[in-house]
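Quick note on labels: first sequence line is chain A, next is B, and so on, each numbered from 1.
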There are 2 protein chains.
Amino acid sequence: MANRFVEKLCRFVQLSPEEMAALEEATARPRPFGPHRDLIREGDRPGPVLVMLEGWALRYKVLPGGGRQIVAFLMPGDACDLHVNLLAEMDHSIQTITNAQVATIPGEIMEKMMAQPGIARAMYISQLVDEGTLRAWIVSMGRRSSVERIAHLLLELYRRAADVGLAAGDTMALPLSQAVLADAVGMTSVHVNRMLQELRRSGAVTLQRGVLNICNPAALTRLAGFDENYLHRSRRSVFS
Amino acid sequence: MANRFVEKLCRFVQLSPEEMAALEEATARPRPFGPHRDLIREGDRPGPVLVMLEGWALRYKVLPGGGRQIVAFLMPGDACDLHVNLLAEMDHSIQTITNAQVATIPGEIMEKMMAQPGIARAMYISQLVDEGTLRAWIVSMGRRSSVERIAHLLLELYRRAADVGLAAGDTMALPLSQAVLADAVGMTSVHVNRMLQELRRSGAVTLQRGVLNICNPAALTRLAGFDENYLHRSRRSVFS
DNA sequence: CGGAAGATTGAGAGTTCTCAATGCCTGTGG
DNA sequence: CCACAGGCATTGAGAACTCTCAATCTTCCG
């Protein structure tokens, strides 16, 4: 039974048994981390490639004034940037949100694996998707109202989670406090709270005690102006 | 005399003469484009790698409501995503801003070139920098005030331009209307106008008739909370 | 039961947008 | 060389959105 990382890459590319085995082997011995632990900090020299096997993490940058902006969420199956080791230092930090199991793939192993075409292809696609996601976030921050922005984020997380088997029907575990959501969408936790209430009232989504429930997918998708094209999912929509 | 694309890659990696020659050759026959021409549209099947040799372009997405959000600026020397051809379709569009000369590198040639370690390394670094830039934009949109946001963008563009020889002292040609700036920073052109006035009044920058003048680099950097680390420039700051 | 973290509420202050009118500059045709 | 059209840039004023700053609830745990 493949782990979520392998499972995710398989969605992009048909991997050979040897390739899957190599990926499995490379991530077979994850390390446990508690919540709110920095895995790597801005300014650090990049190390091995990190792979989230269990638990959630986030990428963030802090501003001179002390503010924090989250620039990405990492859920089980997600890997941190291929090739970062080409850079002299990290331009952002990565921190766990929950308890987590993260595997670490040393550069040499990574290099060896990238010689296998399927793996290389899958990793490249995965990176392009991450980039598309960054662009989608910029669009949200720049041109969507706060309700739409939150709706968009929730839908994105739901879709990604569903793809790695983390959603059950229209429900999933979402371990993000309103303060964390606020740092991701560029708002105040107070305002996130009110917008979440609005969404709840509208009957589109519900997010309480760490469980997200997409009550009305169609309405939510319309409201958020959500077009999943940037996730480059090969399969058909989860909802259809 | 190397073109700006080669010049830019050389900033990241020491290329061998053969590598430089290959890059030169691959971009030796650019095509001219007029202003406001889509080079590729969201939904299109990705084609060859594009390289801007002269003129500016932008990446953008349009929303259901009709709004437009710019997610990146391309200036001479910049290339569009390596590997995009792995995706079934573009998740955003690219359009020229000014008259432009853009070269086109077919997949097979690109592949052949990537076999040369220096070129591969430079292209990967370049992609990581683009990604870092996307993250920096997210931070700006989420956590910076509108003046800071504009100041940050102007500084970024100035630094990047300076790196490819497009700045003269503290001055550069910036062919962006206030409406374009607005679509990039997620504001209204009316508000961009007012914030630009504020910057002008403060004596930090000036942007008039297409010329940007960084009057007080230190003050501007402080105001914008600008940390160039995400550009991963190997050389020392232009200002120091 | 006591504490701590996270979720909610209220009210007033600030920021940014909307809408519409006006001003400025440039290239073109007469 | 001048008038005119079109594209930008600028202004004003009121409306809409978000934030700030507390204060109050709830929930989760030891």
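Within the 4.5 Å cutoff, the side chain of B:Y60 has no heavy atoms near those of the B:I94 side chain.
A salt bridge links B:R59 to B:D81: at least one charged side-chain nitrogen sits closer than 4.0 Å to a carboxylate oxygen. The pair B:E156-B:R160 meets the salt-bridge criterion, since a charged nitrogen lies less than 4.0 angstrom from a carboxylate oxygen. Ionic pairing of A:D163 and A:K8 is not present here: no N-O contact between side-chain nitrogen and carboxylate oxygen is shorter than 4.0 angstrom.
Nucleotide C:dA11 holds its C1' atom 14 Å from the NE2 atom of A:H191, rounded to whole Å. Rounded to whole angstrom, the span from the CG atom of A:L176 across to the P atom of C:dA7 amounts to 10 Å. Separating the CD1 atom of B:I150 from the C1' atom of C:dT15 is a distance of 13 Å, rounded to the nearest angstrom. Atom CZ of A:R144 and atom C1' of D:dC17 are 18 Å apart (whole Å). Across the protein-nucleic acid pair, A:R194 atom CZ and C:dA11 atom C1' stand 9 Å apart, rounded to whole Å. Between the CE atom of B:M195 and the C1' atom of D:dA9 there is a distance of 15 Å, given to the nearest Å. Straight-line distance from the CG atom of A:N193 to the P atom of D:dT20: 15 Å, rounded to whole Å. Here the C1' atom of nucleotide D:dT26 and the CD atom of A:Q208 are 12 Å apart, to the nearest Å.
Axis angle, first five pairs versus last five pairs of the helix from C:dC1-D:dG30 to C:dG30-D:dC1: 30°, rounded to 10°.
Among the heavy atoms of the strands, none lies under 4.0 Å from B:G210. Within the 4.0 angstrom heavy-atom criterion, only backbone atoms of the sugar-phosphate kind lie near A:R200; the bases stay farther away. Across all strands, B:S146 comes closer than 4.0 Å only to sugar-phosphate atoms, never to a base (heavy-atom distances).
A donor-acceptor contact closer than 3.5 angstrom links the side chains of A:Q197 and A:N193.
For B:S177, no side-chain nitrogen or oxygen approaches OP1 or OP2 of D:dG7 to under 4.0 Å.
Nearer the 5' end of DNA chain D, as judged by each residue's closest nucleotide, is the contact made by B:Q197, out of A:R149 and B:Q197.
Of the candidate nucleotides C:dT26, D:dC19, D:dT18, C:dT26 has the atom lying nearest to any side-chain atom of B:R209.
For B:E198, the side chain to side chain donor-acceptor pair (under 3.5 Å) test picks out no residue, with sequence neighbours left out.
Between the side chain of A:Q101 and the backbone N or O of A:M52 there is no donor-acceptor pair closer than 3.5 Å.
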